[in-house]
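In what follows, chains carry the letters A, B, and so on, assigned in the order in which the sequence lines appear, proteins first and then strands, with residues in each chain numbered from 1. It should be emphasised that the depicted structure is a prediction, and the values quoted were computed from it without experimental measurement. When reading the values below, keep in mind they use all heavy atoms of this one structure, side chains included, and skip hydrogens, waters and symmetry mates.
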Number of protein chains: 2
Amino acid sequence: MSETGGTGTAGRKGAGTRTAPGAGSPRERYRTQVRAEIKERAWEQIADAGASALSLNAIAKRMGMSGPALYRYFGSRDELITELIRDAYRDLADTFRADADNGRGDAEDGTGTASGADLASLAHAMRRWARADPHRYFLVFGTPVPGYHAPDDVTGIASEIMAALLDACAKLPARTSAEVDDQPFDRHIKAHGQWAGEHPATPAQLHRALSFWTRLHGVLSLELAGHFTGMGFDAEAFFEAELEGLLAPA
Amino acid sequence: MSETGGTGTAGRKGAGTRTAPGAGSPRERYRTQVRAEIKERAWEQIADAGASALSLNAIAKRMGMSGPALYRYFGSRDELITELIRDAYRDLADTFRADADNGRGDAEDGTGTASGADLASLAHAMRRWARADPHRYFLVFGTPVPGYHAPDDVTGIASEIMAALLDACAKLPARTSAEVDDQPFDRHIKAHGQWAGEHPATPAQLHRALSFWTRLHGVLSLELAGHFTGMGFDAEAFFEAELEGLLAPA
DNA sequence: TTTCGTTAGTTATAGCTTCTAACTGAAGCG
DNA sequence: CGCTTCAGTTAGAAGCTATAACTAACGAAA
């Protein structure tokens with residue numbers, strides 16, 4: 001079990017076990033510890049060669065035990081991947097929330113400009129998170145894995161992310177008041193915006209949050225997939241330009 | 001070799017063999033025919049369960065021959081996938097070109113409005129192409145496959161696609177003349193726009209083409225991956241809204 | 001302290017995959 | 001007509017997921 005190496009760097013990226021670390025019987029404690037190490041090795045493999053190269057066998061051997069032992073901890077390869085996806089999603093939500101909290105602090109200090117600082121900060125946090133581990137980003141937002149179906153609790157996590165986004169959108173200067181909520185899609189979303197949950201956001205804000213998500217994902221996804229390499233321009237500069245367009249009141 | 005079924009539905013999606021069908025010796029002709037059928041079965045498998053589920057063995061068995069025979073036609077699984085990606089790319093370029101040619105015809109007929117009709121038509125062609133086979137779209141623009149590196153000729157195909165895009169962008173009404181090419185990224189792209197090849201496009205047009213690509217990809221990618229399901233709004237309406245924003249002169 | 005159930009880990013095995021090696025048979029070409 | 005080339009075969013190595021059966025150790029309870 002590689003007692004020394006073990007979970008030495010546990011809690012990588014803060015996406016470790018959500019259960020309390022020192023809880024329950026010693027057996028249970030050991031169990032959560034091994035589960036955590038398995039996930040860690042899994043993340044290593046994913047960071048190296050992507051999710052499709054994840055091998056339970058290789059993980060087991062690198063942990064000093066033999067193949068089928070892992071099936072005591074994860075019912076199947078898909079179950080492990082599902083849990084990794086959920087952890088990644090969770091980590092992104094935490095990142096967004098942390099960034100939102102920081103932003104609120106700055107605003108109260110009077111240092112941050114009110115116009116779009118929060119949304120821009122969120123965008124940069126998103127880009128940082130994506131570039132920190134591209135494979136993790138693709139695991140969440142990339143090509144869907146064949147047999148995977150999102151468990152129920154990810155919708156809750158997605159709501160958290162959306163809430164942080166909507167909060168930032170609410171702090172933006174509104175569009176010219178004449179055309180607020182008057183675009184065709186704004187009217188559509190007024191009737192189909194239940195995904196915002198209880199958030200008191202205007203249709204225009206929902207629209208803006210959606211655009212934020214899809215536009216930045218469009219840039220990040222293609223950048224991380226390497227579709228910009230060889231084109232010569234600076235991906236970061238383009239990202240900033242897109243963000244700029246997103247913050248513009250028009 | 002399933003003589004009857006054979007390449008009955010050959011040339012699926014028009015992305016079949018690029019080599020002339022009845023060329024060379026009978027052996028060579030047979031060879032290209034078998035290669036085409038292999039690709040066809042491969043596309044079937046990909047359409048069913050994605051590229052990761054593509055199995056040479058299964059293809060061979062479904063063609064009535066046993067596993068290793070396929071290695072006469074494709075050196076490896078990766079080589080087959082690479083060729084499929086290139087074919088898909090090729091097909092998208094043809095789709096774009098066909099759409100651009102149609103648009104030009106309409107414009108000369110005087111039926112089409114001049115403002116952004118071409119770009120909108122291209123956007124709809126792109127969405128149609130993506131939704132016709134989501135797995136194919138993800139094969140080209142989705143999570144990069146582990147060992148894959150784009151062959152040299154895809155840059156040429158990408159140039160074709162970009163050329164069609166830039167042509168459409170050139171037909172758009174320019175932005176307010178005061179700020180043309182004066183955005184920070186426009187200035188950046190003026191120095192780093194060699195990816196346009198010989199196309200006589202202004203920096204603002206290059207910028208718009210890039211935004212077109214990334215914004216629509218952002219919507220399509222998330223829509224096809226199922227990230228909108230359960231949110232309740234209409235993906236097509238949102239796509240149209242994004243397109244609208246893309247066509248706006250601001 | 002001894003007993004006894006739970007459980008972690010093992011090996012063996014089935015069935016799948018890619019891919020290599022050696023061989024057979026037939027088709028094309030001179 | 002004969003030689004050569006090549007398609008397709010079977011056999012097999014190495015890897016994967018996953019299941020089944022078994023062993024051994026641990027923890028709690030009598």
Chemist: When you measure from the side-chain N and O atoms of Ser55(B) to the phosphate of dT18(C), is any distance below 4.0 Å, counting only OP1 and OP2?
Modeler: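 Yes.
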Chemist: Relative to the ring of Phe238(B), is the ring of His207(A) parallel (under 30°), tilted (30 to 60°) or perpendicular (over 60°)?
Modeler: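 If you compare the ring of His207(A) with that of Phe238(B), the planes turn out perpendicular.
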Chemist: Would you please say whether a donor-acceptor pair under 3.5 Å links the side chains of Glu240(B) and His124(B)?
Modeler: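 Judged by distance alone, the side chains do pair up.
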Chemist: Reading DNA chain D from 5' onward, which residue's closest nucleotide shows up sooner: Gly67(B) or Ala58(A)?
Modeler: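 It is Gly67(B), whose closest nucleotide lies nearer the 5' terminus.
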Chemist: What is the distance, to the nearest angstrom, from the CD atom on Glu28(A) to the P atom on dG27(D)?
Modeler: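 Whole-Å distance recorded here is 13 Å.
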Chemist: Taking OP1 and OP2 of dG9(C), is either one under 4.0 Å from a side-chain nitrogen or oxygen of Ser66(A)?
Modeler: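 No, no such contact exists.
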Chemist: Specify the closest pair of heavy atoms between Ile81(A) and Ala51(A), including all atoms of both residues, with the distance to one decimal.
Modeler: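 Smallest interatomic distance, heavy atoms only, reads CD1-O, 4.5 Å.
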Chemist: Here's a test of your reading of the structure: between Leu54(A) and Ala69(B), which maps to the more 5' nucleotide of DNA chain D?
Modeler: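 Result: Ala69(B).
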Chemist: Classify the angle between the aromatic ring planes of Phe233(B) and Phe228(B) as parallel (below 30°), tilted (30 to 60°) or perpendicular (above 60°).
Modeler: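 Taking Phe228(B) first and then Phe233(B), their aromatic rings sit tilted (interplane angle of 30° to 60°).
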Chemist: Please state whether the phosphate of dC16(C), meaning OP1 or OP2, lies under 4.0 angstrom from any side-chain nitrogen or oxygen of Asn57(B).
Modeler: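 No, no such contact exists.
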Chemist: Could you check whether any side-chain heavy atom of Arg97(A) comes within less than 4.5 Å of a side-chain heavy atom of Asp101(A), counting everything from C-beta outward?
Modeler: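 With C-beta onward as the side chain, the pair touches.
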Chemist: Round to a whole Å and report the spacing from OH of Tyr71(A) to P of dT10(C).
Modeler: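 So the two atoms are 14 Å apart, to the nearest Å.
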Chemist: Over how many whole Å does the gap from Met65(A) atom CE to dT10(C) atom C1' extend?
Modeler: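 It is 11 Å, rounded to the nearest whole Å.
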Chemist: Do any side-chain nitrogens or oxygens of Arg72(A) fall under 4.0 Å of OP1 or OP2 in dG9(C)?
Modeler: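 False: Arg72(A) side-chain N/O out of range (4.0 Å or more) of dG9(C) OP1/OP2.
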Chemist: Check the distance between dG27(D)'s P and Arg31(A)'s CZ and give it to me in whole angstrom.
Modeler: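 Interatomic distance, CZ of Arg31(A) to P of dG27(D): 15 Å.
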Chemist: Between Tyr30(B) and dG8(D), does any side-chain N or O lie under 4.0 Å from OP1 or OP2?
Modeler: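 Answer is yes, contact under 4.0 Å.
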Chemist: Let me know the distance between CG of Leu70(B) and P of dT18(C), rounded to the nearest Å.
Modeler: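 Leu70(B) atom CG is separated from dT18(C) atom P by 9 Å.
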Chemist: Which whole-number value in Å describes the distance from Lys61(A) NZ to dT17(D) P?
Modeler: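 The distance from NZ of Lys61(A) to P of dT17(D) comes to 10 Å, rounded to the nearest Å.
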Chemist: Given atom CZ of Arg29(B) and atom C1' of dA27(C), what is their separation to the nearest angstrom?
Modeler: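 That distance rounds to 14 Å.
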Chemist: With respect to the side chain of Leu56(A), which nucleotide from dA18(D), dT9(D), dG9(C) is positioned closest?
Modeler: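 Nearest to the side-chain atoms of Leu56(A), counting from C-beta on, is dA18(D).
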Chemist: State whether Arg27(A) places a side-chain N or O below 4.0 Å from either non-bridging phosphate oxygen (OP1 or OP2) of dT6(C).
Modeler: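 For dT6(C), neither OP1 nor OP2 has a side-chain N or O of Arg27(A) closer than 4.0 Å.
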Chemist: Please state how far atom CD in Gln45(A) lies from atom C1' in dC16(D), giving the value in whole angstrom units.
Modeler: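 Taking CD of Gln45(A) and C1' of dC16(D), I get 12 Å after rounding.
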